[in-house]
Amino acid sequence: MRTQLWSCGGGVQSTAIAALICQGELMPDLSVIIDTERELSTTWDYLDAVVMPELERAGVELHRVKKSDYATVDLMRNGDILIPAFTTVTGNVGKLPTYCSNEWKQRVMRRWATAQGVKHADVWIGFTIDEMRRLKQRIEPKWRDRYPLIERRMTRGDCFALIRRMGWPTPPRSSCWMCPNKPHEEWEWQRVHAPDDFNLAIEFEKEIQLYDEDLWLTDTGEPLEIADFTAPDDMFSGRCDSGMCFV
């Protein structure tokens, strides 16, 4: 018997899954959201005010698990930074690989689930049919990905419509406040709507530059506090494809 494990990302698609649970269309055996301890405060505000109480009324507990309780690394591993920061070390803008989602979310979720006694699990991920390129089915006996929204042929727009029908407010953007994968428009949104988190990102960028002065959080190659977000994103910008973030 495989455990039906909902891995909530805190965004629009995850809120749609929560709505389907509240409607009785889905019922997970276990539900978890991993707290990277760098998540936008607006995400937690929404979850605490809307999603958590509704799930509780539906008889579902969404466990909030801190990354630091199960992760074996934080910002650095063997001298390498784990976030997909931009780099200008060659004179051109490049981008480092994404390791943080795996280390801070996926592995933490699996370690927590194993500690709960899970032997085999279908892990629910909130991709929609307009995100088919992000599907990367993992061939592992213990962990198997499942996509409840794709099973229902739902788009991201359908998720918004479902949330509105529930009478819930529109969920805010979900990501870590320092995530380099955010496009310019989301950085600008954060600057305006979550200024405290934006200031944390400014200080974080200075922190990673203590390791390497050529590391940046945006493709502009300039300090976040003065970055121009009206310019188009370069080819490196876009969502993480791990399945654990931005859903």
Side-chain angles (χ1 to χ4, degrees), residues 6-28 31-64 101 105 124-134 147-201 218 229-230 233 237-247:
W6 174 33
S7 179
C8 176
V12 171
Q13 283 96 327
S14 288
T15 303
I17 289 178
L20 291 171
I21 291 170
C22 292
Q23 289 180 344
E25 288 197 33
L26 289 170
M27 184 52 63
S31 304
V32 62
I33 182 168
I34 305 304
D35 181 357
T36 66
E37 295 159 89
R38 294 184 174 98
E39 182 73 33
L40 281 167
S41 57
T42 48
T43 298
W44 297 120
D45 291 343
Y46 185 89
L47 285 168
D48 289 341
V50 179
V51 177
M52 297 287 200
E54 293 291 341
L55 287 172
E56 185 176 351
R57 279 190 280 273
V60 173
E61 180 180 2
L62 180 57
H63 298 271
R64 178 174 174 176
S101 181
K105 287 200 165 188
W124 297 5
I125 298 175
F127 289 164
T128 47
I129 61 172
D130 41 358
E131 298 177 306
M132 296 295 288
R133 67 169 185 82
R134 298 180 70 189
Y147 307 100
L149 301 178
I150 290 177
E151 291 171 5
R152 288 161 175 75
R153 306 299 297 168
M154 291 178 67
T155 65
R156 184 174 171 84
D158 292 331
C159 293
F160 281 113
L162 172 59
I163 292 164
R164 286 195 297 270
R165 288 197 301 273
M166 294 294 291
W168 299 353
T170 301
R173 293 164 171 83
S174 171
S175 75
C176 289
W177 40 255
M178 31 52 70
C179 182
N181 280 327
K182 280 197 286 281
H184 288 186
E185 65 181 37
E186 294 196 9
W187 277 117
E188 183 60 26
W189 184 94
Q190 183 172 324
R191 191 209 305 262
V192 174
H193 297 281
D196 289 345
D197 291 336
F198 190 79
N199 288 332
L200 286 173
T218 72
F229 297 129
T230 63
D233 295 292
S237 298
R239 296 299 197 193
C240 174
D241 288 336
S242 70
M244 302 297 290
C245 300
F246 297 101
V247 293

Scan the side chains in residues 42-53 for donor-acceptor partners under 3.5 Å anywhere in the protein, sequence neighbours excluded, and list what turns up.
from, atom 1, to, atom 2, distance (Å)
Thr43, OG1, Glu39, OE2, 3.2
Thr43, OG1, Arg173, O, 3.3
Tyr46, OH, Pro169, O, 2.6

Practice prompt. Verify, without hydrogens or angle tests, whether Asp130 (side chain) and Arg156 (backbone) share a donor-acceptor contact under 3.5 angstrom.
Written response: yes

Worksheet entry | Where Leu20 and Arg152 come nearest, the two heavy atoms and their spacing | CD1-CD, 3.8 Å

Response to the item:
Residues Ile129 and Arg153: closest non-hydrogen pair is CD1-O, 3.6 Å

Practice prompt. Give, for atom NZ of Lys105 and atom SG of Cys176, the distance between the pair rounded to the nearest 0.5 Å.
Written response: 6.0 Å

Item to complete: List for me each residue that meets side chain to side chain donor-acceptor pair (under 3.5 Å) alongside Thr218, sequence neighbours excluded, and say none if there are none.
Response: Thr220

Fill in: Set of ring pair (Phe, Tyr, Trp, His ring centres under 6.0 Å) partners for Trp189, sequence neighbours left out
His193

Worksheet entry | Step-by-step side-chain contact (heavy atoms from CB on, under 4.5 Å) determination, Glu186 to Leu40 | CA-CA 12 Å; Glu186 294 196 9; Leu40 281 167; over 6 Å; no

Response to the item:
In short, Ile17 meets Gly126 closest at the heavy-atom pair CD1-CA, 3.8 Å

Worksheet item: Which value, rounded to the nearest 0.5 Å, describes the distance between Lys182 atom NZ and Phe229 atom CZ?
Response: 9.5 Å

Practice prompt. Mind checking the CD-CG spacing from Gln190 to Asp197? Nearest 0.5 Å is all I need.
Written response: 5.5 Å

Worksheet, complete the sentence: Applying side chain to side chain contact (heavy atoms under 4.5 Å, CB included) to Ser14 and not counting sequence neighbours gives Trp6, Cys8, Val247

Return all side-chain donor-acceptor pairs below 3.5 angstrom for residues 157-167, not counting sequence neighbours, or 'none' if the list is empty.
from, atom 1, to, atom 2, distance (Å)
Asp158, OD2, Thr155, N, 2.9
Asp158, OD2, Thr155, OG1, 3.2

Worksheet item: Do you know which two heavy atoms are closest between Ala201 and Trp187, and how far apart they sit?
Response: CB-CZ3, 3.9 Å

Which atom pairs, donor and acceptor, lie under 3.5 Å between side-chain atoms of residues 55-64 and protein residues at least two apart or in another chain?
from, atom 1, to, atom 2, distance (Å)
Arg57, NH2, Glu54, OE2, 3.0
Arg64, NE, Asp35, OD2, 3.2
Arg64, NH2, Asp35, OD2, 3.1

Response to the item:
Heavy-atom closest pair (Ile33 atom, Gly9 atom, distance to 0.1 Å) is CD1-C, 4.2 Å

Worksheet item: Within a strict 4.5 Å, meaning less than it, do heavy atoms of the Met132 and Ile150 side chains meet?
Response: yes

Item to complete: Indicate yes or no for a side-chain donor-acceptor contact from Trp177 to the backbone of Phe198 under 3.5 Å, with no hydrogens or angles considered.
Response: no

Worksheet item: Hey, what do you get for CG (Asn199) to CZ (Arg191), rounding to the nearest 0.5 Å?
Response: 10.5 Å

Practice prompt. Determine yes or no for a side-chain-to-main-chain donor-acceptor pair under 3.5 angstrom, with Ser41 supplying the side chain and Ala194 the backbone.
Written response: no

